[in-house]
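Written below as structure tokens is the structure these notes are about.
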Amino acid sequence: MRRRIGIGAGLAVVMLLGLVPGARAQSSPTSAGSSASQGSKTVLRVGETADMDTDNPFAVSGGSDWTSVTIQYDMLLKFSDADLSPGPSLATGCDHSQDYMTWTCTLRPGLRWSDGTPLTSEDVAFTYRFVMKHRFPQYISYFPFKPVFTTPNDTTLVWTAEKPTFAPDMPPWVYIVPEHVWSKYEDADLKTIKTAPNTPSVASGPFTLTSWTRGQGWTMDRNPYYWGPQPTFDEIQFQVYTDQSAMIQALKGGQIDFADGLKPSLIDSVKGDPNITTQQVVSDWWLNFAFNFGGQGPQAHPLPALQDLTVRKAIEMAIDKEAIVEKVYNGTAAPGDTVVRPASAYWHLDIPADQEFPFDPAKARSMLDAAGYVDTDNDGIREDPKTGDPLVMNVPASQDTTGAVEAGQLIVGFLKAIGIQVKLQAASDAKMNDFWASGNFDAYIWYWSGDPDPNYQLSIFTSGQCGGWSDGCWKDPHYDALYQKQRGIMDRQKRLVVVQEAQRYLYEHIPDIVLAYPGWLQAYRNDRFTGWVPAPGAHGYLLPGYNYDSLTSLRLVAGASGSVSSPGLPAWLWIALIVGVLAVSVLVFRRRRGVDEEA
Amino acid sequence: MGQRGYMARKIFHAAITVLFVLTFNFFLFRVMPGDPVSLLARSERLTPADVAEQRKLYGLDEPLPQQYLTYLRATLTGQLGVSLRSGEPVSSMIGRALPPTVLLVGLGTLFAAVFGVLIGIRGAWHRGSRFDNSTLLGSLLLYSVPEGWLGMLLLIVFAGWLGWFPAGGYTSGTTTGFARVIDIANHLVLPLLTLTLGYIGEYVIIMRSSLLEVMHEEFLQTARAKGVPERLVRRDHAVRNALLPTFSLLCLSFGYVLGGAIVIEAVFSWPGLGRLTYDAINQLDYPVLEGVFLIASIAVIMANLVADLSYGYLDPRIRAA
């Protein structure tokens, strides 16, 4: 009896011991062939922090939606790598008439959709008409002055507007969809269109969406009909990681090739690893401290002192933007100045340091003293000489905007040092929306992201946007004139002058304080793929981002294996373990029964 | 009253509880500030007019009592609505999230219970031994450690550093058939280990303490005097009588299975009901939240009912009362 147990247990132990080294070998990322391998396909594995909300190009909202749609679909003209200015895509270029009211765009010959159907100018015209008919909020602003589209032949699109426009040159950030797939939704209602399923997709880009397992990830496969250089690999697998620390571990362990979107605090954990390269992406959004000037409705009673430019100047000079960059963003941001984000490299105005408002709390204090805002009752808070009320500000901060609440906490301290009390309130974006619409705040901390073209960002500061997109209903006729002027200049270089003038005007008149330009962080394994193309510029996005050029230029690093097995115990080890456990338990059970029988 | 009356009363109470839960769920989420449309307003470039229009589209602008009646009518006829974020029917979202959760939490609860009970029994029977002291300490330690932290630790060691197991997810890529089973098994190891270790302490401690209470009862002396071997004294007389508190814990735990293990599912990116809840909370996706909470509440109520009804069967002392 005992001998049998000994042999049985011994066998089990030997099996287990023998399998462990086998398990380790299987988990090496460069080993080919195991029960969980991807076959002979070369796969790029990307970790994302959020799942797509939708696969439908007309319902895009979250970051992963944009990534997926930007890879699959082309626009008429693309955002070029250097500075997001228009570059050839489906169209090789667009020419304008003398009066800028008629634009003629020429498409490449021989374009096809991923199902082989020819791609013609009718598809572009259909897409644009579809957007205008249903007025999708993400796209409608690209079609001002009621344009009409005609297609004299398969490769020509004519855009005719009622007034001179540079809209086709922005370029319009609208993805071109196949008419033969979407025409059936021509007369449908908005809800039906936005919930129309789109997997697998028919598209024109280098990869199409072939499968989507909600909550887990999605897969994109190479499009053989793509008009540009064929990618060197077959498939992209996107995997959703709810927890960023887990995603970092997956990157370090070689389970993914690319991590899209890291918190600044996690950068340190990959800094020392020679196989991982990080990319701090130039910012395409800015952290916003917006003042309220009132006028939204009955609940809008902002602090009257904020109407005084001196007070706003003092506040800006009391805020240490460098401290925000270091403490809130771990150095992965830049201090802010103008409202057009740095990613719009062509348009962004960088005010030289000697012309910016300095961080100088002492000067801020003396400015406020000179203007009559003194602390009359010695409670540390200055009073407004006109109303007698203390300078107390209610400031909601968005907790869904990275760094907003933390920056708010620093600002409470900064403003206390100059005698202004800030009552900070963290709020979800839904609640922020309530504050914004009702005007029930003195200032708030939120964000703006804008477009490659500055028109939209500049428009929100116009008087007409009070009740629309304006933060706090700031109204300045001189600014309105500047905005209208840049909107009417067709020549890029001439327009740039006015756009920069508008940015400087906003900087000097402070309807908002641009606190910081937080960057996006991406990281990749440099021992797997090489040939990443950042856009815009050297500190651009490696993966969309704004265009998919990385994907058409990536290739495996010499020596790296295309197919990788996912980690874990191989099938035979599982079977052996289960058999081993069953064998041991059967032996134990029979021994016990034997003992009972003896008793 | 009799057996029938007892059952009927318990079932009736359960039904009332479900109705209360339905009402409470509805108002609980509406109390949170904002709504799913205004959450997306800034990123989708919606003006306040657009927001109002979309609210109307989703029926979010109707007065609250009317929304409640609509919800009640729909739920009682089995329609759980559609997700406000993706438009997918809530029932299919829950159906998709159910298997991963049942697999992870069901197996984890089972392992924790089985091993916990066995360890607790042995610990109590050999009280004061090295085995007892070390397992008691281990259980207290494991039970007090936050499961998220424990999960992260296991992930860093076994996935990041050693690379033995995936750092998250349910499957890798589209595998089918037997390969898929193995793939899921590999992904299951770390979260299952975390969950089992997190819950095993409960069972060890409860089993141990209830067995200790019974161990000095006189009827055990009687059994020994009759000549029953020690192992059978332990199994048929002591443990059987000490099992009741563990049994109620077990019933409730299985009821909680359908609530999902939110923290562990978040750490390991496990696409179960817990993660569905986590995402829906962040997105203020009311119909999904209502659906998930309904399922979870019904599961707990049912488990409680089963426990209640089976006490009578298990313990004759209760039946006689």
Side-chain angles (χ1 to χ4, degrees), chain A residues 23-24 27-29 35-36 38 43 51 53-54 61-62 137-138 141 190-191 194-195 211 213-217 219 237 239-243 245-250 252-255 400 427-434 436-437 446-447 467-469 566-571 574 595-596 599, chain B residues 32-36 38-51 57 82 85-88 93 96-97 152 155-156 159-175 178-179 182-183 185-187 189 229 231-232 265-269 271 275-276 278-279 284:
Chain A
R24 289 200 70 173
S27 66
S28 151
S35 60
Q38 325 281 348
V43 179
D51 190 15
D53 287 322
T54 177
S61 65
Q138 301 94 322
S141 62
L190 214 62
K191 210 165 165 190
K194 288 172 92 164
T195 54
S211 76
T213 314
R214 283 186 196 252
Q216 296 180 48
T219 306
Q237 284 177 3
Q239 174 149 4
V240 177
Y241 287 89
T242 324
D243 187 294
S245 310
M247 188 164 80
I248 286 278
Q249 293 303 320
K252 284 167 101 163
Q255 294 171 24
D400 297 321
S428 70
D429 268 2
K431 188 95 181 94
M432 289 298 292
N433 202 69
D434 287 344
W436 179 34
W446 214 352
Y447 75 95
W469 289 312
S566 88
L569 311 176
W574 276 105
V595 167
D596 291 345
Chain B
M32 292 198 290
D35 60 65
S38 45
L39 184 68
L40 291 177
R42 188 150 277 224
S43 61
E44 279 190 8
R45 303 264 173 96
L46 303 177
T47 62
D50 293 330
V51 170
L57 202 66
V82 297
R85 189 67 166 233
S86 64
E88 199 190 346
M93 288 173 85
R96 194 181 53 232
M152 204 62 229
L155 199 147
I156 290 172
W161 183 43
L162 292 170
W164 287 2
F165 294 103
Y170 186 59
T171 63
S172 355
T174 48
T175 42
F178 186 62
I182 299 296
D183 195 17
N186 280 322
H187 282 85
V189 170
R231 241 197 70 255
L232 292 184
E265 289 188 18
V267 168
F268 289 99
S269 312
R275 226 188 74 192
L276 192 64
Y278 175 78
D279 290 337
L284 292 179

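Quick note on labels: first sequence line is chain A, next is B, and so on, each numbered from 1. Computed from heavy atoms alone, side chains included, the values below leave out hydrogens, waters and symmetry copies.
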I need the [X] [atom1] to [Y] [atom2] distance, nearest 0.5 Å.
X        : Y        : atom1 : atom2 : result
B:Ser172 : A:Gln237 : OG    : CD    : 8.0 Å
B:Leu155 : A:Ile248 : CG    : CD1   : 12.0 Å
B:Phe178 : A:Trp574 : CZ    : CH2   : 11.0 Å
B:Ser269 : A:Met247 : OG    : CE    : 9.5 Å
A:Asp51  : B:Asp279 : CG    : CG    : 8.0 Å
B:Glu88  : A:Arg214 : CD    : CZ    : 4.0 Å

What heavy-atom pair brings [X] and [Y] nearest, and what distance separates the two atoms?
X        : Y        : value
B:Phe165 : A:Gly568 : CD2-CA, 4.2 Å
A:Ala250 : B:Ala167 : CB-CB, 3.7 Å
A:Gln239 : B:Gly169 : NE2-CA, 3.5 Å
A:Asp243 : B:Val267 : CB-O, 3.8 Å
B:Ala159 : A:Gln255 : O-NE2, 3.5 Å

Practice task
Heavy atoms only, distances under 4.5 angstrom: which of B:His187, B:Arg275, B:Met93 has the most pairs with chain A? Name it, please.
Solution key: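 Option with the greatest count: B:Arg275.
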Handout entry: Toward chain A, the part of B:Val82 with a non-hydrogen atom under 4.5 Å
Key =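 Contact with chain A involves no heavy atom of B:Val82 at all.
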Problem - Part of B:Tyr278 lying under 4.5 Å from any heavy atom of chain A - result: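 Looking at B:Tyr278, just its side chain touches chain A.
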